[in-house]
Amino acid sequence: MATVMVVDDVAANRDIVRMLLGFRGHDVIEAHDGADALRLAHTHHPDVVVSDVLMPGIDGLELVHRLRADPDREAAQAPVIFYTANYLEPETRPIAEACGVSQVVLRSQDPDALLDAIDTALAGGPVDVGVTADADFAQAHLHAVNAKLIEKVRALHDTERRFEAMAVASPVGIGIIDRDGHADYVNARLAEITQVPVDRLVGRGWLDCLGAADREPALNLLRGTGEDTELRFTHRITRLDGTARSLRIHLRQTRDDDDGLTGAVLMIDDVSDVTMAEQRLHEETRRRQDEARHRDAERLDSLRRMAGGTAHDFNNILGAILGYTNLAIETINDGREDGTVPAEAAESLLGDLAQVIKGGERAKTLTQQLLAFGRKEVNKPVELDLNTLLRDRAGSLAAAAGPRTELVLDLAADLPKVKADPDQLSQVLHNAVRNSADAMPDGGTVTISTSAPGDRVATTIRDSGTGMPPDVLARVFEPFFSTKSTTGTVGLGLSTAHGIVSQAGGQLTLESEVGRGTTVTVTLPAVAGSAPPAPPPPRPQPSGTGRGGGETLLLVDDEDAVLQVTARMLSGAGYRVLTASGAAEALALLERNGGEVAALVTDVVMPGMDGRQLARIAAGRRPDLCVVFVSGFAESLFDEHGNNLEPGSTILAKPFDREKLVSTVRTALCARQRA
């Protein structure tokens, strides 16, 4: 293989030729200009010289002339091939022939043309040419260079005109920046965008288009001190006319043929219209989302009203059913003892009635869930520490999670207190943990964490389960909606939890994605500056066996079946009971019976005058009168924050059994007597 010297002032060009010749097995010597080539020719005596024509200092033509005049015959006779993109063969032929140039190959030709030319030159061996006269060479050289110079100047002028036309017509501002951060050129569009004259933008004036924090990174890019080759910024300026404009700025490094950093090109686009359109789109999207949330809230609220009203009415019916069933059981038991009811018949009847009671208890649970969803359940909110509640209920929560699920508590320190019903809140937590365990049939981890964002307290239940698709996530709070293929009162868990949290003044949110688990967040208002709740006063214990002492009670309920069965329960407990189906009748009975009435036991939700109004009038006439409110509807006794509208009063939730009714009335009477 031969030794080939490649002469070119552009390193990238030399690299290409070196790789091309390397595939043929040639040894390659690189020279970066004509002077370097003359020196290397004496040292290495190359078999072939491949040279560019247009180079600074000693160009290709001068290089060949000096080689041919060199006293070192080995260097002088080396075949020379011009490999050029600037000269065409007709332009170089006269002087090339005079200097003994073997061939002229254009860079635009196929690479094989250069390889073929080298093979031809090697086959021809050393060139035997005489030295041309200096005068003839100088004239031919000057002619060739002058012609090429004129051509390049014209091309440069054409390029400048095209660039100027492009810069003038450009919709973006353009600046040419040097390595020192000075703008050599800015177009008129940049001045138009910024409303700053061109003469103030050149130099360092263009830096005013950048934000204060962006200027140093931009200058570092120009100096080449960082790894970035381009930067993008956004900045908002206020122009001289007072208008604010949003700018999108792109600064990109520029380099010379040897990959040396020369500066950067600056491009600035006025994107104010785009920004305003994006802002309008964002506002419109947010408005639609708000409307969608409002529609969802209205739909959920209508479902709540329907569920609460239905459960309230059903509670009255259920109360009568359970009440009369319990009375029937008592009658059968009495008949079995005195022999009026045969033992065998009594056992059969009691078994049947036990099934009625069992079904009634299940229905009672269902109504409580519906009332909770409708935010109408009678609750007892107190100030509590969520961390303490979670630690106390950790065992039952772990049991709800199941044996294959690990329960992890991550509790924040110094957590403010919240006001909620602890039993109902525990129900929410148990429901969330059970759902998480169901979503991880192969086991996993459920993490319960607490935090205090702002003036609220958050409890987060996070699992690594299967997650939910968007269509399921959108309906999770609807009552009776479920993806579980089980039976019974399914589909009320999350709807009940949502109602409980909402009734406590908080929010329940779900985030879920298929394959990435579910996060349930319960957020409740923090009680500002709350002190630990005082222990409740000891409840007065009813005397005797829970039977009344013959006191007279005024019982009021607009539901006749409930009124009659409640009266029988109280009468059976030893009380004298006066019954009224409304407030007006109750006040008339109170007027006639004077000081005989020891307690008013009244339903709250009644047509006309409700139970609270009745109690106020009755208490005005009889300040020492004991009042027991009976209701399954929290809305009538608690405000939206869970505060009791009748502080100090006794509240009995529907439906109730005989024992609960009698003990509640007995306790209220004892408390009144002690007071």
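- Residues E291 and R288 are not paired through a salt bridge, judged by the lack of any N-O separation under 4.0 Å between the basic side chain and the carboxylate.
- Shown here for D270 and S246, the closest heavy-atom pair between the two residues is OD1-O, 3.4 Å.
- A donor-acceptor pair is defined here as one N or O able to donate and one able to accept, closer than 3.5 Å; no such pair exists between the side chain of T234 and the backbone of L247.
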task: Give the intermediate values and the outcome of side-chain contact (heavy atoms from CB on, under 4.5 Å) for residues F82 and L61.
output: CA-CA 9 Å; F82 280 162; L61 298 171; 3.5 Å; yes
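- No side-chain heavy atom of V28 sits under 4.5 Å from any side-chain heavy atom of V17.
- D208 is not listed as a side-chain neighbour of V196, based on a closest heavy-atom distance of 4.5 Å or more.
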field: Worked verdict on D269 versus H250 for side chain to side chain donor-acceptor pair (under 3.5 Å)
entry: CA-CA 9 Å; D269 193 8; H250 184 194; over 6 Å; no
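- With hydrogens and angles disregarded, no donor-acceptor distance shorter than 3.5 Å links the side chain of D70 to the backbone of A76.
- Between the T450 side chain and the N387 main chain, no donor and acceptor come within less than 3.5 Å of each other.
- Between the D47 side chain and the T3 main chain, a donor and an acceptor come within less than 3.5 Å of each other.
- R516 has no carboxylate O lying under 4.0 Å from a charged side-chain N of E511, or vice versa, which leaves the two without a salt bridge.
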message: The test is side-chain contact (heavy atoms from CB on, under 4.5 Å); show your working for V433 and I448 and say whether it passes.
response: CA-CA 9 Å; V433 170; I448 303 179; 4.0 Å; yes
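- No donor-acceptor contact under 3.5 angstrom links the side chains of R462 and T447, judged on distance only.
- A salt bridge does not link R287 with E283: every distance from a Lys NZ or Arg NE/NH1/NH2 to an Asp or Glu carboxylate oxygen is 4.0 Å or more.
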field: Audit row: I461, S436, side-chain contact (heavy atoms from CB on, under 4.5 Å) steps and yes/no
entry: CA-CA 8 Å; I461 303 96; S436 292; 4.1 Å; yes
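- Between the side chain of R107 and the backbone N or O of Y83, at least one donor-acceptor pair lies under 3.5 Å.
- Using a distance-only test at 3.5 Å, with no hydrogens or angles considered, a donor-acceptor pair links the side chain of T275 to the main chain of V271.
- Under the 3.5 Å distance criterion, with hydrogens and angles disregarded, a donor-acceptor pair is assigned to the side chains of T262 and T254.
- Side-chain contact annotation: H45 with D72, donor-acceptor N/O pair under 3.5 Å present.
- A side-chain donor-acceptor contact under 3.5 Å links N187 to the backbone of L190.
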Contacts table for residues 198-206: side-chain donor-acceptor under 3.5 angstrom, sequence neighbours left out:
residue, atom, partner, partner atom, Å
R204, NH2, D180, O, 2.9
W206, NE1, G181, O, 2.9
W206, NE1, G203, O, 3.4

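- Salt-bridge formation is not detected for the pair E284/R280: no Lys NZ or Arg NE/NH1/NH2 atom is positioned less than 4.0 Å from an Asp or Glu carboxylate oxygen.
- When atom types are taken as modelled, the side chain of D214 and the backbone of L210 share no donor-acceptor pair closer than 3.5 angstrom.
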- request: Take L54 and D59 through the side-chain contact (heavy atoms from CB on, under 4.5 Å) test and state the conclusion after the steps.
  value: CA-CA 6 Å; L54 188 61; D59 63 6; 5.7 Å; no
